[in-house]
S.K.: 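Before I ask anything, here is the structure I am working with.
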Amino acid sequence: QVQLVESGGGLVQPGGSLRLSCTASGFTLEGYAIGWFRQTPGKEREGVSCISTTDRNVFYRASVEGRFTISRDKNTVYLQMSSLKPEDTAIYYCAAEDSRTFKDYREYLVPRVFSSWGQGTQVTVSS
């Protein structure tokens, strides 16, 4: 029923840009928060950005603030990434959670709060 599919990853040089897409099927994004998370080998998954369709608030971790932009168009959420750095290299996942779940703004970037996950798309930033 609930499915999320990421696309748009690839190899990009430092300073370059990529746009990731997360498309939902089996449910409408209305009433959900959609987050982008990333994980590198041996490290914990971390929140990158999130958008709440209920109140239209957006959230970014400090290290991507000003470089990444999250947006939504119907059942697709985008993550526009610019000025990419090697440390942005990771598998990027999108995830969805009912907006009513969240009790504190900090939870929007916490992986364990989210219930539905995509399979991920690899982003590699290297020269």
S.K.: So, do S126 and P86 sit near enough that their side-chain heavy atoms are less than 4.5 Å apart?
M.R.: no
S.K.: I'd like to know if the side chain of Q3 reaches the main chain of S25, judged simply by a donor and an acceptor atom lying under 3.5 Å from each other, with no hydrogens or angles considered.
M.R.: no
S.K.: Within a reach of under 6.0 Å around CD of E44, are more than 12 heavy atoms found that belong to other residues, nucleotides or ligands?
M.R.: no
S.K.: Can you name the closest pair of heavy atoms from T53 and G31 and give their distance?
M.R.: OG1-N, 2.8 Å
S.K.: Any side-chain heavy atom of N57 sitting closer than 4.5 Å to one from F59?
M.R.: yes
S.K.: Would you say the side chain of V48 lies within less than 4.5 Å of the side chain of L109, judging by non-hydrogen atoms?
M.R.: no
S.K.: Any side-chain heavy atom of E87 within less than 4.5 Å of one from T89?
M.R.: no
S.K.: Is a donor on one side and an acceptor on the other found under 3.5 Å between the side chain of N75 and the backbone of F27?
M.R.: yes
S.K.: Would you call the rings of F37 and F114 parallel, tilted or perpendicular, where under 30° means parallel and over 60° means perpendicular?
M.R.: perpendicular
S.K.: With rounding to the nearest 0.5 Å, note down the distance linking CZ in R67 to OG in S17.
M.R.: 10.0 Å
S.K.: Do you know which two heavy atoms are closest between C22 and I34, and how far apart they sit?
M.R.: SG-CG2, 4.4 Å
S.K.: Hey, are S127 and Q13 close enough side-chain-wise for a donor-acceptor pair under 3.5 Å?
M.R.: no
S.K.: Heavy atoms, side chains only, cut-off 4.5 Å: are I91 and T121 in contact?
M.R.: no
S.K.: Assess whether atom CD of Q119 is packed by more than 12 heavy atoms of other residues, nucleotides or ligands within 6.0 Å.
M.R.: no
S.K.: Might you point out which heavy atoms bring L29 and T76 nearest each other, and give the distance in Å?
M.R.: CD1-N, 3.9 Å
S.K.: T101 vs D98, test: side-chain hydrogen bond (donor to acceptor under 3.5 Å, both in side chains). Steps then yes/no.
M.R.: CA-CA 6 Å; T101 298; D98 192 316; 5.1 Å; no
S.K.: Would T54 and S99 satisfy side-chain hydrogen bond (donor to acceptor under 3.5 Å, both in side chains), going step by step from the backbone distance to the final call?
M.R.: CA-CA 7 Å; T54 301; S99 292; 3.0 Å; yes
S.K.: Which atoms form the tightest heavy-atom contact between V123 and G9, and what is the distance?
M.R.: CG2-CA, 4.1 Å
S.K.: Do Y93 and L18 share a hydrophobic cluster (ILVMFWY, side-chain heavy atoms under 4.5 Å, transitive)?
M.R.: no
S.K.: Using the six-membered ring of W36, assess whether NZ or CZ of R61 lies under 6.0 Å from its centre and within 45 degrees of the ring axis.
M.R.: no
S.K.: Does the salt bridge (charged side-chain N to carboxylate O under 4.0 Å, His left out) test come out yes or no for R72 and E30, once each step is laid out?
M.R.: CA-CA 10 Å; R72 175 208 171 192; E30 194 67 37; 3.1 Å; yes
S.K.: Less than 4.5 Å apart, any side-chain heavy atom of K85 and any of V125?
M.R.: no
S.K.: Using modelled atom types only, decide if a donor and an acceptor are shared between the side chain of E6 and the backbone of G120 within a distance under 3.5 Å.
M.R.: yes
S.K.: Find out whether R38 and R45 are in side-chain contact, i.e. whether some heavy atom of one side chain is under 4.5 Å from a heavy atom of the other.
M.R.: no
S.K.: Is there a side-chain contact between F68 and S83 in this structure, where contact means two heavy atoms from C-beta onward sitting under 4.5 Å apart?
M.R.: no
